[in-house]
Amino acid sequence: MGLITKSQPPKIAVDISSTAVKLLQLSRAGDRYRVEHYAIEPLPANAVVDKNIADPEAVGEAIRRAIARSGSKARHAVGAVAGSAVITKLIPMPNDLTEDDLESQVELEAGNYIPYPIEEVSLDFEVMGPMPGNDDMLQVLLVASRSENVETRASALELGGLTVTVMDVETFAIENAFGLLGESSGPEDQLVALVDIGATVTTLHVLRGGRSLYSREQVFGGKQLDEEVMRRYGLNLEEARLAKRQGGLPDTYQAEVLQPFREALVQQVSRLLQFFYAGSEFNRVDRIVLAGGTASTPGVAPMVEEQLGVPTAVANPLAQMTLGPRVQAPALAQDAPSLMIAAGLALRNFD
């Protein structure tokens, strides 16, 4: 008995950003992953504001549409709360506690680190290993978020027809997906600046050895380019996005609209890095990796590399994966930089 293990129902990763719902479902054979299903579905304006879901019904509807488009039959989901909605703290704990005692002790200690009543908070923790220089103590990573943040995300997923089995944190999902980029082939202590350029917010994550050292957000994103295209050429948002992707804008677009946007973006990346340098012992990074939907804007990566003097690439967490029959390679290649969080969440299927 016990030789036949019941396989887990497949889970689909759902990343809810400020402008779109991104779904990704992976399978694995041996050590190769395969993209089985994916879809990106735009959200109505203001359905998500400052990373908070303002309209769970609209988000749920978008999830339903994305599932239908992706062709996935999965009904279990891995979601994530925004890093800005989470408190993380490394706390020391004696290493001789049983698992139950450790859990009780972490809950007791949590009250010292969390500025909300403990009954309003969803908590989790992970043992990171022994304290440096003290083998009698463990380093425990405490992760806490207001329960309402977790519940709103879970209810949007449920309205989309999915049952949430794991709720992760976007920052941890990025760390998880980082291993798919092949960046680990460099020296172990190399500093990589992963710059996630979304529609409205750009986030800098600095990683060393695949672990996040620092993150910071700035209000800037691809929406500024969309709005300038709409204003200048009298298009609505959908027309503007389509024209950018498929061409058809006037010859002046490159010089008058795209170039100034690229320059502004390079400035934002530079500014985020300056904040990091000012608050740390570092004064340069070894590599820059651009992620997020705006990262695939033509010419951005070469310009960042040239002006900041740091080797720069566009993230493709799915580059080494095979593709299922429903997945179109050209569309996926275009969308891959925006699927970092979804890819990190999808890997939770194999924990």
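Side chain to side chain, Thr202 and Gln268 fail the donor-acceptor criterion of an N or O pair below 3.5 Å. Thr200 and Ser18 share a donor-acceptor pair across their side chains, judged by distance under 3.5 Å alone. The closest side-chain donor-acceptor pair between Gln259 and Arg262 falls under 3.5 angstrom. Counting only N and O atoms by type, the side chains of Glu228 and Gln224 include no donor and acceptor under 3.5 Å apart.
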Evaluate the criterion side-chain contact (heavy atoms from CB on, under 4.5 Å) for residue pair Phe282 and Leu213; output intermediate values, then yes/no. CA-CA 11 Å; Phe282 303 105; Leu213 294 183; 4.1 Å; yes
Would you check, one step at a time, whether the test side-chain contact (heavy atoms from CB on, under 4.5 Å) holds for Leu24 with Leu318? CA-CA 11 Å; Leu24 180 65; Leu318 313 176; 4.0 Å; yes
Please lay out, stage by stage, how Arg326 and Glu36 fare under the test salt bridge (Lys or Arg N to Asp or Glu O under 4.0 Å). CA-CA 7 Å; Arg326 293 198 58 121; Glu36 296 291 355; over 6 Å; no
Test log, rule side-chain contact (heavy atoms from CB on, under 4.5 Å), inputs Glu41 and Ile67: CA-CA 9 Å; Glu41 185 66 31; Ile67 291 169; over 6 Å; no
Please lay out, stage by stage, how Tyr113 and Ile87 fare under the test side-chain contact (heavy atoms from CB on, under 4.5 Å). CA-CA 9 Å; Tyr113 299 100; Ile87 295 165; 5.5 Å; no
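Residues Leu123 and Val106 fail the side-chain proximity criterion, which asks for heavy atoms closer than 4.5 Å. Side chains of Leu332 and Leu323 form a contact here, defined as non-hydrogen atoms less than 4.5 Å apart. Taking 4.5 Å as the limit, every side-chain heavy atom of Leu26 sits out of range of all side-chain heavy atoms of Asn349. With contacts defined as side-chain heavy-atom distances shorter than 4.5 Å, the pair Ile341/Ile174 qualifies. Considering only heavy atoms from C-beta on, Met303 comes within 4.5 Å of Glu263 through its side chain. Leu43 is not listed as a side-chain neighbour of Thr19, based on a closest heavy-atom distance of 4.5 Å or more. The side-chain heavy atoms of Thr297 and Leu258, taken from C-beta on, include a pair separated by under 4.5 Å. The closest side-chain heavy-atom distance from Glu103 to Phe125 is below 4.5 Å.
Here Leu272 contributes atom CG and His205 contributes atom NE2; the two are 10.5 Å apart, rounded to the nearest 0.5 Å. Between the CG atom of Asp196 and the CE atom of Met340 there is a distance of 7.5 Å, given to the nearest 0.5 Å. Put simply, CD on Gln267 and CD on Gln274 are 11.5 Å apart, with the number rounded to the nearest 0.5 Å. Between the CD1 atom in Ile91 and the CE atom in Met128 there is a gap of 12.5 Å [rounded to 0.5 Å].
Within the 6.0 Å centre-distance limit, the rings of Phe261 and Phe220 are counted as a close aromatic pair.
Listed for the Thr203 side chain is no donor-acceptor partner under 3.5 Å among the backbone atoms of Arg216. Within the 3.5 Å criterion, the main-chain N or O of Ala47 finds no donor-acceptor partner in the side chain of Asp55. Between the side chain of Arg241 and the main chain of Asn236, no donor-acceptor pair closer than 3.5 Å is present. Put simply, the side chain of Thr152 gets close to the backbone of Glu148: a donor and an acceptor are under 3.5 Å apart. With Arg153 contributing its side chain and Ala80 its backbone, the two residues share a donor-acceptor pair below 3.5 Å. Judged by distance alone, with hydrogens and angles left aside, the side-chain atoms of Arg64 form a donor-acceptor pair with the main-chain N or O of Leu159 at under 3.5 Å. Under the 3.5 Å distance criterion, the side-chain polar atoms of Ser215 are left unmatched by any main-chain donor or acceptor of Leu204. No side-chain donor-acceptor contact under 3.5 Å links Gln25 to the backbone of His37. Looking at Glu120, its side chain never comes within 3.5 Å of a backbone N or O of Pro117 through a donor-acceptor pair.
Using cut-offs of 30° and 60° for the angle between ring planes, the Tyr33 and Phe350 rings count as tilted.
Within a 6.0 Å radius of CG in Asp96, more than 12 heavy atoms belonging to other residues, nucleotides or ligands are found. For Glu239, the CD atom counts as densely surrounded, since its 6.0 Å shell holds more than 12 non-hydrogen atoms of other residues, nucleotides or ligands.
Here the closest heavy-atom approach between residue Ala74 and residue Leu162 is recorded as O-CD2, 3.6 Å. Taking every heavy atom of both residues into account, Leu138 and Asn95 meet most closely at CG-CB, 3.5 Å. Between Ala255 and Pro260 the shortest heavy-atom distance is O-CD, 3.4 Å.
Using a 4.0 Å cut-off between charged nitrogen and carboxylate oxygen, Asp226 and Arg245 do not count as a salt-bridge pair. Of the charged side-chain nitrogens involved, at least one lies within less than 4.0 Å of a carboxylate oxygen, so that Glu175 and Arg211 count as a salt-bridged pair.
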